[in-house]
2 protein chains.
Amino acid sequence: MKASIPSATISRLPVYLRCLDEFTATSTTCSSDQLAAIAGVNPAQVRKDLSYLGSYGVRGVGYQVEDLKAQIARALGLTKEYPVAIVGAGNLGSALAKYDGFSAWGFEVVALLDIDPERVGLEIDDHPVEPLSALEQIVEERDVSIGIVATPAPAAQEVADRMAAAGVRSILNFAPTVLHVPDGVQVRRVDLSTELQILTFHLHNV
Amino acid sequence: MKASIPSATISRLPVYLRCLDEFTATSTTCSSDQLAAIAGVNPAQVRKDLSYLGSYGVRGVGYQVEDLKAQIARALGLTKEYPVAIVGAGNLGSALAKYDGFSAWGFEVVALLDIDPERVGLEIDDHPVEPLSALEQIVEERDVSIGIVATPAPAAQEVADRMAAAGVRSILNFAPTVLHVPDGVQVRRVDLSTELQILTFHLHNV
DNA sequence: TAGATTGTTAATCGATTAACAATC
DNA sequence: TAGATTGTTAATCGATTAACAATC
């Protein structure tokens with residue numbers, strides 16, 4: 001059943017989870033109309049999305065905010081801890097290592113690696129920079145489930161290959177390149193230039 | 001005509017642009033099959049996407065790599081310069097200010113602002129941190145066309161409101177919140193936790 | 001009961017892709 | 001000409017949303 005949740009719905013669930021926080025202080029329930037307004041989507045879509053989780057709403061009343069948050073978190077698998085390894089301790093990798101929004105949802109940065117000997121040994125926000133050569137060992141020993149690629153583009157594919165070979169099943173790619181990975185490994189791409197270029201398209205075509 | 005390019009196509013154009021670089025060294029032409037393999041999409045989709053730009057391919061031969069890059073860049077509006085202002089000089093904002101992949105496509109960081117007096121006056125990679133109070137003046141004087149929100153979530157909406165009021169038409173939001181903006185202003189959201197949570201869904205449901 | 005809101009259906013809309021005629 | 005590959009059609013697929021019966 002879970003596996004049949006449409007991907008578009010899955011990517012909206014984290015947004016709903018965020019938006020529900022805005023009700024926590026003021027109300028114990030919320031309607032699909034209210035949540036839709038905050039999340040910036042159609043109310044029918046909210047109801048349809050939430051219906052994939054089961055029937056947790058009450059007709060005539062709405063959804064119990066805390067209940068719903070728990071159900072969404074459960075559906076997303078946020079009841080577990082996820083050890084994260086970041087490869088690339090440059091500007092972006094370092095900023096990610098310092099980011100404190102991870103822990104709120106059970107993500108823990110357990111390693112920060114770099115290939116540059118000059119960076120290895122540095123301490124970035126309590127994370128020692130370790131050598132890339134230790135990647136496989138670290139993945140194994142610390143049970144890394146998510147790998148973050150924050151290297152320059154030319155290094156990204158090789159890092160992803162090694163992550164996948166070492167058993168990492170999920171990769172978040174910040175390098176401006178398209179990664180090719182084996183079946184069973186999922187990649188999500190976050191590309192600053194791509195986002196900016198999509199914005200310029202619309203700026204340009206008005 | 002341009003305005004009728006589907007949004008899914010628009011978000012793939014920057015990817016094609018990236019992938020075409022891989023041909024530059026080895027070949028002057030490429031086929032939709034080759035480009036599709038590198039970009040990780042269906043060959044028919046590549047042809048359909050590119051057909052929105054006009055007919056720049058040659059049957060039996062393929063596309064001229066350099067030609068196609070120029071056409072995509074033109075369609076995306078990358079022939080102009082886009083002044084960018086970053087609000088929030090914390091970990092992420094600073095990393096973005098230092099990012100040198102901007103300039104390759106005509107983006108120039110012309111301001112880095114922060115509300116914290118302790119940060120104002122710092123110099124981050126040649127960008128002086130300026131006070132948030134100067135936002136409106138800076139947008140006007142430096143003709144800022146893209147605003148990047150790299151503040152904590154609670155501050156993001158107010159910053160976006162001020163950007164929009166000052167005439168910024170495009171906003172890239174890194175704060176973990178959904179921004180509400182007037183018609184005519186476009187927002188794209190980049191949310192680390194959302195990406196990680198989408199990954200955990202699949203990790204969890206295997 | 002009357003009012004409100006869900007859960008779900010069915011219609012609509014848009015995106016993807018197989019297939020192939022056009023043509024270099 | 002024969003082989004290759006585009007551009008485009010039409011079929012398929014999936015996502016969105018209006019509408020409303022169900023029901024609290």
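Numbered from 1 within each chain, the chains take letters A, B, ... in sequence-line order.
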Return each pair, listed once, that meets side-chain hydrogen bond (donor to acceptor under 3.5 Å, both in side chains) where at least one residue sits in residues 92-115 of chain A; pairs must be two or more places apart or across chains.
-> A/Asp114-A/Arg119

Which residue pairs satisfy the side-chain hydrogen bond (donor to acceptor under 3.5 Å, both in side chains) criterion with at least one member in residues 139-150 of chain B, sequence neighbours excluded?
-> B/Glu130-B/Arg142, B/Gln137-B/Glu141

Just call it for A/Thr9: base, sugar-phosphate, or nothing, with non-hydrogen atoms closer than 4.0 Å on any strand.
-> nothing

Given Watson-Crick or G-U pairs with both distances under 3.5 Å, what dot-bracket string fits DNA chain C, with | for other-strand pairs and [ ] for crossing?
-> ..||||||||||||||||||||||

Between [X] and [Y], do the side chains contain an N or O donor and an N or O acceptor separated by less than 3.5 Å?
X	Y	value
B/Arg47	B/Ser32	yes
A/Asp49	A/Gln45	no
A/Thr29	A/Gln64	no
A/Lys69	A/Thr24	yes

Is a donor on one side and an acceptor on the other found under 3.5 Å between the side chain of A/Arg169 and the backbone of A/Gly184?
-> yes

Side-chain contact, heavy-atom cut-off 4.5 Å: B/Leu199 with A/Gln186?
-> yes

Would you call B/Ile72 and B/Tyr16 a side-chain contact if the rule is heavy atoms closer than 4.5 Å?
-> yes

Under the salt bridge (Lys or Arg N to Asp or Glu O under 4.0 Å) rule, what pairs show up with a residue in residues 170-197 of chain B, not counting sequence neighbours?
-> A/Arg18-B/Asp191, A/Arg188-B/Glu195, A/Glu195-B/Arg188, B/Arg189-B/Asp191

Near-strand residues of residues 30-50 of chain B, defined as heavy-atom separation under 4.0 angstrom from DNA chain D | B/Ser31, B/Ser32, B/Arg47, B/Lys48

Assign each of A/Ala8 and A/Val58 the nucleotide of DNA chain D bearing its closest heavy atom; nearer the 5' end lies the nucleotide of A/Ala8

First and last nt of DNA chain D near chain A, cut-off under 4.0 Å to heavy atoms, 5' to 3', are D/dA15 to D/dC24

